[in-house]
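Report on the following structure.
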Amino acid sequence: MKKIIAGNWKMNGTSAVITELVTSLLQQEATAVEVVLFPPSPYLSHTKRLLAQVNWHLGAQNISQFDNGAYTGEVSGAMLRDLGCNYVLVGHSERRHVFLEDDVCVARKFSKAVLHKIVPFLCIGETVSERDTQQTLKVIDRQLQSVLDLPKGAELLANAVIAYEPVWAIGSGQSASVKDAVVVHAHIKEQLSAYGISNIPVLYGGSVNELNAAEFLECEEVDGLLVGGASLDANKFMEIMKCIK
Ligand code: PGA
């Protein structure tokens with residue numbers, strides 16, 4: 001399985017900025033790695049066009065839990081599929097904590113993605129107070145369980161990507177230690193193997209940059225990285241991609 005390097009641009013960029021960023025990135029040979037870019041939704045088609053000559057993947061940052069109709073501001077799975085998205089972030093900590101999406105909402109979004117043949121990146125992770133009270137693994141289990149409890153949940157999850165992103169590490173400049181991340185990744189894989197799920201990619205995210213990426217990627221438990229801030233800088237993101245030989 002190739003390692004995955006994903007860039008989550010969050011609510012940043014303009015068409016000009018994105019053109020420049022992608023054009024620079026495309027100068028980098030990236031055959032050994034699966035690349036997934038998550039632009040803001042107004043720029044999905046624009047990014048898709050820029051990626052026309054390469055087999056990098058397009059992902060959306062959000063998906064509606066509803067199919068269609070009177071849901072102002074929402075973007076449905078069918079629309080994302082229509083725009084050429086292969087992946088979507090579900091349960092990102094900013095959605096959970098800023099937009100108050102609970103486990104039920106995240107699970108609904110997850111099932112809509114699968115319904116439309118879009119691979120969900122299920123983002124899970126503990127807050128700082130949960131970490132400080134040794135709740136990390138409990139929180140991870142609860143967040144996984146909400147998807148496992150869907151009808152045919154284990155089957156759906158088997159085809160997803162998991163991103164372990166400690167909430168306190170996102171955008172803070174302070175990543176988890178590789179040792180702590182490996183413990184959580186091994187736990188996720190072990191929990192899922194009890195449901196017959198093997199070979200599911202488990203990515204690490206949270207203040208990944210060009211300086212710390214290699215040590216995460218050296219670990220066999222880490223199947224890739226979900227990069228926020230550093231993915232907006234072409235040189236940094238290229239350095240991260242280069243960590244995979
Ligand atoms: P960060 O964001 O790399 O800026 O910490 C990661 C993410 O939100 O996925």
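Please read all numbers here as calculations on a predicted model, not as lab measurements. Just so you know, ligand 1 is whichever comes first in the structure, and atom 1 is the first atom listed for that ligand.
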Could you tell me whether Gly228 and ligand 1 have an N or O pair separated by under 3.5 Å? yes
Less than 3.5 Å between some nitrogen or oxygen of Ser172 and one of ligand 1, yes or no? no
Per-atom contacts of ligand 1 with [X], taking only distances under 4.0 Å to non-hydrogen atoms:
| X | answer |
| --- | --- |
| Gly206 | 5 (O) |
| Glu165 | 6 (C), 7 (C), 9 (O) |
| Leu226 | 9 (O) |
| Gly171 | 1 (P), 4 (O), 5 (O) |
| His92 | 7 (C), 8 (O), 9 (O) |
| Asn8 | 8 (O), 9 (O) |

For Ala6 and Phe121, the nearest pair of non-hydrogen atoms, with its separation, is CB-CE2, 3.8 Å
Path from [X] to [Y] over hydrophobic side-chain contacts below 4.5 Å:
| X | Y | value |
| --- | --- | --- |
| Val161 | Ile200 | no |
| Phe237 | Leu58 | yes |
| Val178 | Ile244 | yes |

So Tyr204 and Ser175, do their side chains get closer than 4.5 Å, heavy atoms only? yes
Does [Y] offer a backbone N or O that forms a donor-acceptor pair with the side chain of [X] under 3.5 Å?
| X | Y | value |
| --- | --- | --- |
| Asn212 | Asn209 | yes |
| Glu165 | Cys123 | no |
| Lys3 | Leu217 | yes |

Sub-4.0 Å heavy-atom approach of Ala230 to ligand 1: no
Could you establish whether Ala169 and ligand 1 come within less than 4.0 Å of each other, counting only heavy atoms on the residue side? yes
Tell me: protein heavy atom nearest atom 4 (O) of ligand 1, and distance? Gly229 N, 2.8 Å
